[in-house]
Amino acid sequence: MKPLPDFDMVLFGGTGDLAMRKLLPALYQQVKAGTVSPASRILAAARRKLSRAEFLDLAEASCKPFLGEAYDAATWKAFAERVSYFSVDAQDAASYAVLGEALGQHPDRVRVFYYSTAPEFFAAISAHLGNAGLITARSRVVVEKPLGHDLESSREINDAVGQHFAERQIFRIDHYLGKEPVQNLLALRFGNVLFEPLWRREWVQDVQITVAEQLGVEGRGDFYEHTGALRDMLQNHLLQLLCIVAMEPPTGSDPDAVRDEKLKVLRSLKPFTPMDVATKTVRGQYKAGAVGSGPVSAYVEEPGVAPDSRTETFVAVKAEIDTWRWAGVPFFLRTGKRMPDKLAEIVINFRPVPHPIFGEAAHGGRANRLIIRMQPDESMRLYLVAKQPGDAMTLQPVNLNLDFAESFRARRLEAYERLLMDAIRGKLTLFVRRDEQEAAWRWVEPILENWASSEERPKYYTAGSWGPAASSALLSRDGLAWNEED
Ligand SMILES: NC(=O)C1=CN([C@@H]2O[C@H](COP(=O)(O)OP(=O)(O)OC[C@H]3O[C@@H](n4cnc5c(N)ncnc54)[C@H](OP(=O)(O)O)[C@@H]3O)[C@@H](O)[C@H]2O)C=CC1
Ligand SMILES: O=C1O[C@H](COP(=O)(O)O)[C@@H](O)[C@H](O)[C@H]1O
């Protein structure tokens with residue numbers, strides 16, 4: 001991997017869960033990979049008062065379990081040499097002075113401000129950095145999701161950040177875009193001639209995007225109560241995946257060529273009428289059940305959750321794209337917590353052959369299907385039918401399986417690792433532009449509004465199941481079913 005330029009990364013929210021689970025481990029991995037120069041610095045900032053040594057002790061203990069076998073004491077020492085800690089209260093201008101002094105030692109180097117705090121602080125942090133003259137021409141800001149809870153609040157945050165950073169300096173992170181198979185989907189679509197002619201309504205019957213988690217809300221009940229699956233996952237991650245599947249070939253790989261095409265998809269999504277919300281969306285909430293080997297309690301029993309909560313922990317929608325390429329092709333999206341498996345996949349179901357000369361059964365089932373799997377394994381599987389060896393003309397489904405772990409031995413980068421490197425290098429392609437984000441909010445707003453004003457409760461599903469029965473009904477009305485392939 002090419003070395004990164006010397007950089008200073010200021011990590012607001014440096015003591016938080018995301019920093020410990022993802023951001024610091026990602027930077028550690030890059031130190032281990034040798035791309036981070038000894039001169040580069042990681043300046044963790046949070047409200048609590050800690051000495052550098054106390055912060056490093058906390059960080060080492062917290063990151064170690066997430067680093068697993070990648071942890072070794074020598075690399076940790078090298079990593080820690082690059083790390084310092086600053087007690088900064090986001091709201092208090094005076095507390096930025098010490099950070100400003102440190103940054104002032106290297107006024108010309110790449111500066112990345114990573115906002116890993118609650119979004120309510122983004123405006124204040126931007127203003128204090130701007131007023132203190134800490135935002136230079138080589139500065140960037142990475143902003144975490146959720147950027148607002150609806151179109152209006154996202155505009156407010158974007159306006160506030162935009163007063164101090166130009167759009168080309170703003171890196172809105174969606175970690176699903178950093179996942180290897182998602183980028184491989186771009187390679188598959190636009191690096192091969194094979195799929196493009198088939199990638200359209202004439203040949204594609206339906207598309208299914210599933211992101212299922214076994215986890216519940218993991219102590220983030222307070223946060224999740226005001227968020228729910230639609231805002232937490234569908235508005236961002238699943239719609240970005242849909243864009244990658246549905247976009248037209250961009251004119252090049254530069255950031256705006258790709259983002260322009262994604263934007264067109266978001267703007268072509270058929271708007272939901274109140275009737276559509278009733279018939280084309282499903283919201284669910286898990287009740288007690290069993291996931292993996294153990295029993296788990298209901299969502300409403302999680303700390304921070306109201307006993308009569310209507311927050312959805314599962315959502316499924318039937319989306320349609322009003323373009324020549326996709327008119328009439330349903331895109332089914334679903335995501336939920338406390339499902340049987342951790343599974344993230346995109347399924348492209350091609351149409352059956354027009355005249356089945358070997359009989360219907362031979363062509364049905366899994367044939368004519370492409371599955372792009374992001375989790376638990378990273379793979380692309382193309383299902384075809386082939387003749388079984390032997391006398392009879394008996395067909396069976398087979399798959400061409402590209403397993404990335406087997407095909408490419410090199411260590412694969414974690415999504416956050418890749419995106420942090422891109423931010424340091426100033427590469428915006430895998431980050432979300434403001435207009436994309438707003439188009440996504442605009443599309444989900446009728447769903448949010450209708451759900452908020454409806455008397456209906458989310459449909460219950462047993463933890464450890466694939467969601468409420470209404471989720472299967474969403475597809476069966478079109479004579480379809482969710483993919484159940486292993
Ligand atoms: N955790 C996750 O898996 C994910 C998180 N996100 C987003 O990332 C952001 C951070 O999440 P997460 O790490 O879970 O949150 P945490 O609650 O774990 O951490 C919050 C961080 O913000 C700091 N903070 C709180 N108040 C202030 C303040 N007044 N001034 C300065 N710092 C302050 C805290 O510092 P201190 O410890 O000193 O109080 C802490 O470092 C959120 O926007 C979240 O939505 C997005 C995707 C996944
Ligand atoms: O952004 C989020 O994503 C995680 C799931 O990410 P994954 O990479 O583990 O699939 C989810 O748990 C969290 O609620 C959400 O905020």
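Values below: all heavy atoms of this structure, side chains included; hydrogens, waters and symmetry mates excluded. Whatever order the structure lists them in is the order used to number ligands and atoms, beginning at 1.
Looking at Glu320 and Lys280, a side-chain N of the basic residue comes within less than 4.0 Å of a carboxylate O on the acidic one, giving a salt bridge. Ionic pairing of Glu213 and Lys337 is present here: one or more N-O contacts between side-chain nitrogen and carboxylate oxygen are shorter than 4.0 angstrom. Salt-bridge check for Glu445 with Arg442: failed, with every basic side-chain N at 4.0 Å or more from each acidic carboxylate O.
Neither the backbone nor the side chain of His175 comes within 4.0 Å of ligand 1, counting heavy atoms alone. Neither the backbone nor the side chain of Phe12 comes within contact range of ligand 1; no heavy atom lies under 4.0 Å. Contacts between Tyr224 and ligand 2 below 4.0 angstrom, taking non-hydrogen atoms only, are absent altogether. Proximity of Arg220 to ligand 1, defined as any heavy-atom pair under 4.0 Å, is confined to the side chain (atoms from C-beta onward).
Numbered from 1 in the order shown, with element, the atoms of ligand 1 that lie under 4.0 Å from a heavy atom of Pro146 read 45 (O). Close approach of ligand 1 to Thr15 is summarised as follows: ligand atoms under 4.0 Å from at least one heavy atom of the residue are 34 (C), 35 (O), 36 (P), 37 (O), 38 (O), 40 (C), 41 (O). In the vicinity of Lys342, heavy-atom distances shorter than 4.0 Å reach the ligand 2 atoms 7 (P), 9 (O), 10 (O). For ligand 1, the atoms sitting less than 4.0 Å from at least one non-hydrogen atom of Asp89 are 28 (C), 29 (N), 30 (N), numbered in the order shown with element in parentheses. Remark: ligand 1 atoms within the under-4.0 Å shell around heavy atoms of Lys145 are 6 (N), 7 (C), 43 (O), 44 (C), 45 (O), 46 (C). Using a 4.0 Å cut-off to heavy atoms of Pro119, the atoms of ligand 1 that qualify are 43 (O). Per-residue contacts place Gly16 under 4.0 angstrom from the following atoms of ligand 1 (heavy atoms of the residue considered): 13 (O), 18 (O), 19 (O), 40 (C), 41 (O). Taking a cut-off of under 4.0 Å to the non-hydrogen atoms of Gln375, the atoms of ligand 2 that pass are 7 (P), 8 (O), 10 (O). Those atoms of ligand 1 that come under 4.0 Å of a heavy atom in Arg48, given as number and element, are 36 (P), 37 (O), 38 (O). Set against the non-hydrogen atoms of His237, the atoms of ligand 2 under 4.0 Å away are 1 (O), 2 (C), 3 (O).
With Trp482 as the aromatic partner, Arg334 meets the cation-pi criteria of under 6.0 angstrom to the ring centre and within 45 degrees of the ring axis. Annotation: cation-pi geometry not satisfied between Arg220 and Tyr224 (NZ/CZ under 6.0 angstrom from ring centroid, within 45° of ring axis). Tyr71 carries Lys64 over the face of its six-membered ring, with the cationic atom under 6.0 Å from the centre and within 45° of the normal.
No option in Glu180, Glu69, Glu417 other than Glu417 meets the salt bridge (Lys or Arg N to Asp or Glu O under 4.0 Å) test with Arg411.
Atom-to-atom distance recorded for Leu402:CG and Phe408:CZ is 6.0 Å, nearest 0.5 angstrom. Rounding to the nearest 0.5 Å places OG1 of Thr210 at 10.0 Å from CD1 of Ile346. A distance of 3.5 Å separates OG in Ser471 from CZ in Phe314, rounded to the nearest 0.5 Å.
Distance from atom 12 (O) of ligand 2 to its nearest protein heavy atom, with residue and atom name: Glu213 OE1, 2.5 Å. Distance from atom 10 (O) of ligand 2 to its nearest protein heavy atom, with residue and atom name: Tyr176 OH, 2.4 Å. Counting protein heavy atoms only, atom 43 (O) of ligand 1 is closest to Thr117 O, 2.8 Å. Among protein heavy atoms, atom 13 (C) of ligand 2 sits closest to Asp232 OD2, 3.5 Å. Of all protein heavy atoms, the one lying nearest to atom 14 (O) of ligand 1 is Asp17 CB, 3.5 Å. Nearest to atom 21 (C) of ligand 1 among the protein's heavy atoms is Gly13 CA, 3.6 Å. When hydrogens are left out, the protein atom nearest atom 13 (O) of ligand 1 is Leu18 N, 2.9 Å; that is the closest non-hydrogen contact. For atom 6 (O) of ligand 2, the closest non-hydrogen atom of the protein is His175 NE2, 3.1 Å. Given atom 10 (C) of ligand 1, the protein heavy atom at minimum distance is Ser116 O, 3.2 Å.
Heavy-atom separations between Arg21 and ligand 1 include at least one value shorter than 4.0 Å. Residue Lys337 places a heavy atom less than 4.0 Å from ligand 2.
A 6.0 Å sphere centred on CD of Gln105 holds more than 12 heavy atoms belonging to other residues, nucleotides or ligands.
With no hydrogens or angles considered, no side-chain donor-acceptor pair links Ser465 and Thr462 at under 3.5 Å.
Taking the side chain as every heavy atom from C-beta outward, Phe55 and Val83 approach each other to under 4.5 Å. Side-chain contact check for Leu43 versus Phe86: some heavy-atom pair is nearer than 4.5 Å. Looking at heavy atoms from C-beta onward, Thr311 lies out of side-chain contact with Val305 at the 4.5 angstrom threshold.
Scanning Glu144, Arg47, Gln91 for the heavy atom closest to atom 25 (C) of ligand 1 points to Arg47. With atom 31 (C) of ligand 1 as the reference point, the heavy atom nearest to it among Leu50, Ile125, Val88 is part of Val88.
For atom 17 (O) of ligand 1, the nearest protein heavy atom lies 4.0 Å away or farther. Remark: atom 29 (N) of ligand 1 lies closer than 4.0 Å to at least one protein heavy atom.
Panel note: side chain Asp232, backbone Gly228; no donor-acceptor pair is recorded below 3.5 Å.
Aromatic ring centroids of Trp466 and Tyr461 lie 6.0 Å or more apart.
No N or O atom of Ala46 sits closer than 3.5 Å to an N or O atom of ligand 1. Checked by distance only, ligand 1 and Phe121 stay at 3.5 Å or farther apart across all their nitrogen or oxygen atoms. Considering backbone and side-chain N/O of Tyr416, none are found under 3.5 Å from N/O of ligand 1.
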* To do: Run the numbers on Glu167 and Arg433 for salt bridge (Lys or Arg N to Asp or Glu O under 4.0 Å), then give the verdict.
  => CA-CA 8 Å; Glu167 179 64 27; Arg433 210 169 54 193; 5.8 Å; no
